[in-house]
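A short write-up of the structure that comes next.
In listed order, ligands and their atoms are each counted from 1. Residue numbers start at 1 and run along the sequence shown. Nothing here was measured: the structure is a model prediction, and the numbers come from that model.
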Amino acid sequence: MSHRNVQELMKKHAISIKKKYGQNFLLDKNILMKIVNTASIDEETLVIEIGPGLGSLTEYLVAQAKHVLAYEIDTQLIPVLQESFQNQRVTLIHDDILKRNIDDDINELNETFSKVIVVANLPYYITTAILMKCLEESQRIDTMIVMMQYEVARRITATRQTKDYNALSVAIQYRAKTTLAFKVPRSVFLPPPNVDSAVVVLDYYQTPPVPIANEAYFFQFIKACFRQRRKTILNNLSLALEMDKEHLREHLIECKIQPEQRAETLSLEDFSRLANYFFQLNEVNR
Ligand code: SAM
């Protein structure tokens, strides 16, 4: 398999790098292969690529998957991709991923797949938006193998009692089991980004790992618990729930949470128990 020469392609097609689209093209063949190997793609797999760029990763994905569905926003890259992947099992959608209904796009392919995997070197300016979109809206995706800023990778794979554990960690870990697969230095990109990167694996849960009475309430509730990191659960929640501290203290103890605990000490199970309790309390008092 030929390794695409990104610089040559850019010159040939007079491509200029668009920072506003988070373009950092991957140059390193070993890293590309490592990403693809992490994905365990087979001939029955549908791979969704977000931001194929000049097709460096796409080339490896096409070689292994049944079909590749790729979303690219940048108009100047479309002819390059069309020329490179014509007559292949590639469907290229020229649009903003955040505006698409991914499951509808998968259904339009009219094919059967044993699994659906997102494999992408993400545009970093919208990492969280893409993750939340894929996790919340799609019923079809099984796994995501995605490159992102190392800092974000640390957060979404963080366990409690660590400084990286925050509302995003809990929200994502409610949807998927997350693993930081490997770290990637900035030097392997063109242009090199200002931060190091990492590849993260997100394995979707088929059934939620904890029961949640109302998901919208749960997500808001976690944010409220972490609003001021240094503050106790009691302080953060009394503001968010507009409840006096004496009553709130009793409710927290009822839920087996010490009022002086900080959000970073709570597990997913703790958040689920608390959020369900206050959701029900809210319903009763309505
Ligand atoms: N996959 C290529 C690689 O690894 O060399 C390019 C990765 S680059 C970090 C991110 C890609 O996402 C760029 O090609 C960029 O144009 C594209 N992109 C940025 N925002 C997008 C969006 N909202 N929807 C779809 N693609 C987007």
Side-chain angles (χ1 to χ4, degrees), residues 1-11 13-39 41 47-65 68-85 90-102 105 117-134 137-138 141 144-153 181-182 184-200:
M1 194 187 333
S2 74
H3 174 50
R4 294 166 80 73
N5 189 323
V6 167
Q7 274 116 329
E8 256 174 40
L9 274 175
M10 287 182 66
K11 211 168 152 194
H13 294 270
I15 304 287
S16 54
I17 287 170
K18 292 207 176 126
K19 273 198 168 168
K20 69 167 177 177
Y21 288 146
Q23 290 177 353
N24 299 101
F25 299 117
L26 242 179
L27 302 177
D28 190 299
K29 186 180 172 183
N30 292 325
I31 304 279
L32 288 163
M33 283 168 59
K34 218 167 153 185
I35 295 173
V36 178
N37 290 339
T38 305
I41 300 162
V47 172
I48 298 177
E49 189 184 7
I50 299 162
L54 288 157
S56 318
L57 188 56
T58 324
E59 184 178 46
Y60 291 89
L61 300 172
V62 170
Q64 295 192 6
V68 175
L69 173 62
Y71 296 93
E72 177 54 63
I73 197 170
D74 186 359
T75 312
Q76 65 170 348
L77 300 173
I78 302 301
V80 187
L81 292 163
Q82 277 168 341
E83 186 185 298
S84 309
F85 301 108
V90 178
T91 300
L92 178 63
I93 295 183
H94 177 201
D95 203 355
D96 177 351
I97 179 70
L98 298 179
K99 293 193 181 142
R100 305 298 300 189
N101 180 317
I102 299 174
D105 291 336
I117 309 183
V118 172
V119 184
N121 169 17
L122 292 176
Y124 292 175
Y125 72 108
I126 45 170
T127 301
T128 312
I130 293 176
L131 292 179
M132 291 317 287
K133 181 186 176 71
C134 293
E137 291 177 16
S138 175
I141 300 169
M144 297 178 78
I145 284 89
V146 275
M147 173 109 74
M148 62 187 72
Q149 307 92 305
Y150 181 59
E151 194 193 325
V152 181
F182 55 94
V184 179
R186 55 192 89 180
S187 57
V188 300
F189 298 92
L190 180 80
N194 297 327
V195 292
D196 286 329
S197 302
V199 172
V200 173

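- Residue contacts with ligand 1 include Leu122, since one or more of its heavy atoms lies under 4.0 Å from the ligand.
- Considering only non-hydrogen protein atoms, atom 2 (C) of ligand 1 sits nearest to Pro52 O, 3.3 Å.
- In this structure, atom 5 (O) of ligand 1 lies nearest to the protein heavy atom Leu26 N, 2.9 Å.
- Residue contact annotation: Glu49 has a non-hydrogen atom under 4.0 Å from ligand 1.
- Under the 4.0 angstrom criterion for non-hydrogen atoms, Asp96 is in contact with ligand 1.
- Here the heavy atom of the protein found nearest to atom 1 (N) of ligand 1 is Gly51 O, 2.8 Å.
- Atoms of ligand 1 found under 4.0 Å from any heavy atom of Gln23, numbered from 1 in the order shown, are 13 (C), 15 (C), 16 (O).
- Between Val80 and Leu9 the shortest side-chain heavy-atom distance falls below 4.5 Å.
- At a 3.5 angstrom cut-off on N or O pairs, Ile126 does not count as close to ligand 1.
- The shortest heavy-atom contact between Ile93 and Arg100 is CG2-CZ, 3.6 Å.
- Between the side chains of Asn101 and Glu137, no donor-acceptor pair is found at a separation under 3.5 Å.
- Looking at Leu77 against ligand 1, only its side chain comes within 4.0 Å, counting heavy atoms.
- Between the side chains of Asp96 and Tyr71, no donor N or O sits under 3.5 Å from an acceptor N or O.
- Proximity to Tyr71 (heavy-atom distance under 4.0 Å) selects the following atoms of ligand 1: 25 (C), 26 (N).
- Heavy atoms of Tyr125 approach ligand 1 to within less than 4.0 angstrom.
- By the 4.5 Å heavy-atom criterion applied to side chains, Ile48 and Val118 are counted as neighbours.
- The protein heavy-atom contact nearest to atom 9 (C) of ligand 1 is Gly22 O, 3.3 Å.
- At least one heavy atom of Asp95 lies less than 4.0 angstrom from ligand 1.
- Here the heavy atom of the protein found nearest to atom 24 (N) of ligand 1 is Ile97 N, 3.0 Å.
- Taking the side chain as every heavy atom from C-beta outward, Leu27 and Phe189 never approach each other to under 4.5 Å.
- Contact check for Val199 versus Val184: side-chain heavy atoms found under the 4.5 Å cut-off.
- The protein heavy-atom contact nearest to atom 19 (C) of ligand 1 is Tyr21 O, 3.1 Å.
- In the displayed structure, Gln7 atom CD is contacted under 6.0 Å by more than 12 heavy atoms of other residues, nucleotides or ligands.
- Of the protein's non-hydrogen atoms, the one nearest atom 18 (N) of ligand 1 is Ile73 CG2, 3.6 Å.
- Checked options Thr127, Val200, Asn121; the residue passing with Met147 is Asn121 (criterion: side-chain contact (heavy atoms from CB on, under 4.5 Å)).
- Heavy atoms of Met147 found under 4.0 angstrom from ligand 1: none, in either backbone or side chain.
- Inclusion of Asn24 in the set of residues having an N or O under 3.5 Å from an N or O of ligand 1 is not warranted.
- In summary, of the residues considered (Lys18, Lys20, Lys19), a salt bridge (charged side-chain N to carboxylate O under 4.0 Å, His left out) with Asp74 occurs for Lys18 alone.
- The protein non-hydrogen atom at the shortest distance from atom 16 (O) of ligand 1 is Glu72 OE2, 2.6 Å.
- The closest approach between Leu98 and ligand 1 stays at or above 4.0 Å for every heavy atom of the residue.
- Side-chain contact check for Glu49 versus Glu72: every heavy-atom pair is 4.5 Å or farther apart.
- Considering only heavy atoms from C-beta on, Val119 stays 4.5 Å or farther from Met144 through its side chain.
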